[in-house]
**Student:** 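Okay, handing you the structure first.
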Protein chains: 2
Amino acid sequence: MTTRRDAVHDTLRQSEGFRSAQDVYAEMRLHGAKIGLTTVYRALQALADKGQVDVLRTDDGESVYRACETDTHHHHLVCRRCGRTVEVAGPAVERWAEAVGSEHGFTEITHTVEVFGTCASCSSCPVPAGTG
Amino acid sequence: MTTRRDAVHDTLRQSEGFRSAQDVYAEMRLHGAKIGLTTVYRALQALADKGQVDVLRTDDGESVYRACETDTHHHHLVCRRCGRTVEVAGPAVERWAEAVGSEHGFTEITHTVEVFGTCASCSSCPVPAGTG
DNA sequence: CCGGATTTTGACAACCGTTTTCATTTTGGC
DNA sequence: GCCAAAATGAAAACGGTTGTCAAAATCCGG
């Protein structure tokens, strides 16, 4: 049964940016869901395997997940203050990656790209939105 | 004082690709160095802070380090089979990152880019070089 | 060189996110 | 209802990393 997995997916869909497994778990419990941490992890992994969610590693090694808004290859522009995320397509990067790869004789090229920045609202605000 | 840190740095310089802290530690001990794991971690962090080594997170959350060959901003092209690494400059990516960032009103843009592929020798070899 | 303050070191424990284990529960087929 | 297979989840195990804290090394003024 995929009830739990769907619930996890739904929780992710309701979220704005990337959420950690523990985060998702905590929220689901708050909403009264009867689910275990283990199951959340498994659901998230399964979802990621099927390409239905994006996975990112934070700098401190934590995995964060987000329901994809598009089903095509894309990258993320993440606000380092409030976590706001924009999915961006980057044909230029795809081509660049392919180019540098083949330039050095590499094949089956894949790449990970994350762009971080401070979003407009956070730039004009002295304290992080949602943190202060 | 900085003797240990230098030793750590040297060990990294002698390495071809990225090495984990534990890896570096193990090698140093093999070579007879009297040093503790904690110190290796601290040295690596210090080195990374000073920009003297590159840091990467592997997919399983481990931090791997490598002595920089260039002191300017660059990215990595990593062979997923043998780990061979090439440092690549990518003005195109830098510009692209800046562009997508400002396009969405983001400032202070930084980015992480990793390109993975299978290098020439590994492509022509049925088993991973150095693993089989 | 001496004494004391400061920094560095490293063995070990603590942390924390993640994964595994394994017994229990749920589900599907008959 | 009954059995086999899959899912679940509490708790333990895991593994990399970080913190603790006492001992050792270093620095510095005298």
**Student:** Between B/Q45 and D/dT18, is there a side-chain N or O to OP1/OP2 distance below 4.0 Å?
**Tutor:** yes

**Student:** Rounded to whole angstrom units, what separation is found between the CG atom of A/D49 and the C1' atom of C/dT19?
**Tutor:** 14 Å

**Student:** Does C/dT18 have OP1 or OP2 under 4.0 Å away from a side-chain N or O of A/S63?
**Tutor:** yes

**Student:** Take atom NZ of A/K34 and atom C1' of D/dA10, then tell me their distance rounded to the nearest Å.
**Tutor:** 13 Å

**Student:** Tell me if a side-chain donor or acceptor on A/R29 pairs with a main-chain N or O of A/I35 at a distance below 3.5 Å.
**Tutor:** yes

**Student:** Do the non-hydrogen side-chain atoms of B/E27 and B/R19 ever get within less than 4.5 Å of each other?
**Tutor:** yes

**Student:** Could you tell me the separation between the CZ atom of A/R57 and the C1' atom of D/dG16, rounded to a whole number of Å?
**Tutor:** 11 Å

**Student:** Taking OH from B/Y65 and P from D/dG16, how many angstroms apart are they, rounded to a whole number?
**Tutor:** 12 Å

**Student:** Could you check whether any side-chain heavy atom of A/L12 comes within less than 4.5 Å of a side-chain heavy atom of A/Y65, counting everything from C-beta outward?
**Tutor:** yes

**Student:** Return the minimal non-hydrogen interatomic distance between B/G36 and B/Y25, and the atom names on each side.
**Tutor:** C-CE1, 3.6 Å

**Student:** Whether the side chain of A/R4 engages the backbone of A/A43 through a donor-acceptor N/O pair (distance < 3.5 Å, no angle test) should be reported.
**Tutor:** no

**Student:** Hey, is the side chain of B/T39 poking within less than 4.0 Å of OP1 or OP2 on C/dG10, counting only N and O atoms?
**Tutor:** yes

**Student:** Just how far, in rounded Å, is P of D/dA7 from CG of A/L47?
**Tutor:** 14 Å

**Student:** Expressed in angstrom and rounded to an integer, what is the separation of B/R29 atom CZ from C/dT9 atom C1'?
**Tutor:** 12 Å

**Student:** Could you work out which one of C/dG10, C/dG17, D/dT17 sits closest to the side chain of B/L37?
**Tutor:** D/dT17

**Student:** Reckon A/R4 has a side-chain N or O less than 4.0 Å from the OP1 or OP2 of D/dG9?
**Tutor:** yes

**Student:** Can you measure B/I35 atom CD1 to D/dA25 atom P for me and round it to whole angstrom units?
**Tutor:** 15 Å

**Student:** Specify the separation, in whole Å, of atom CE of B/M28 and atom P of C/dT9.
**Tutor:** 11 Å

**Student:** Between B/Y41 and D/dT18, is there a side-chain N or O to OP1/OP2 distance below 4.0 Å?
**Tutor:** no

**Student:** So which nucleotide from C/dT19, D/dT8, C/dG10 ends up closest to the side chain of A/R42?
**Tutor:** D/dT8

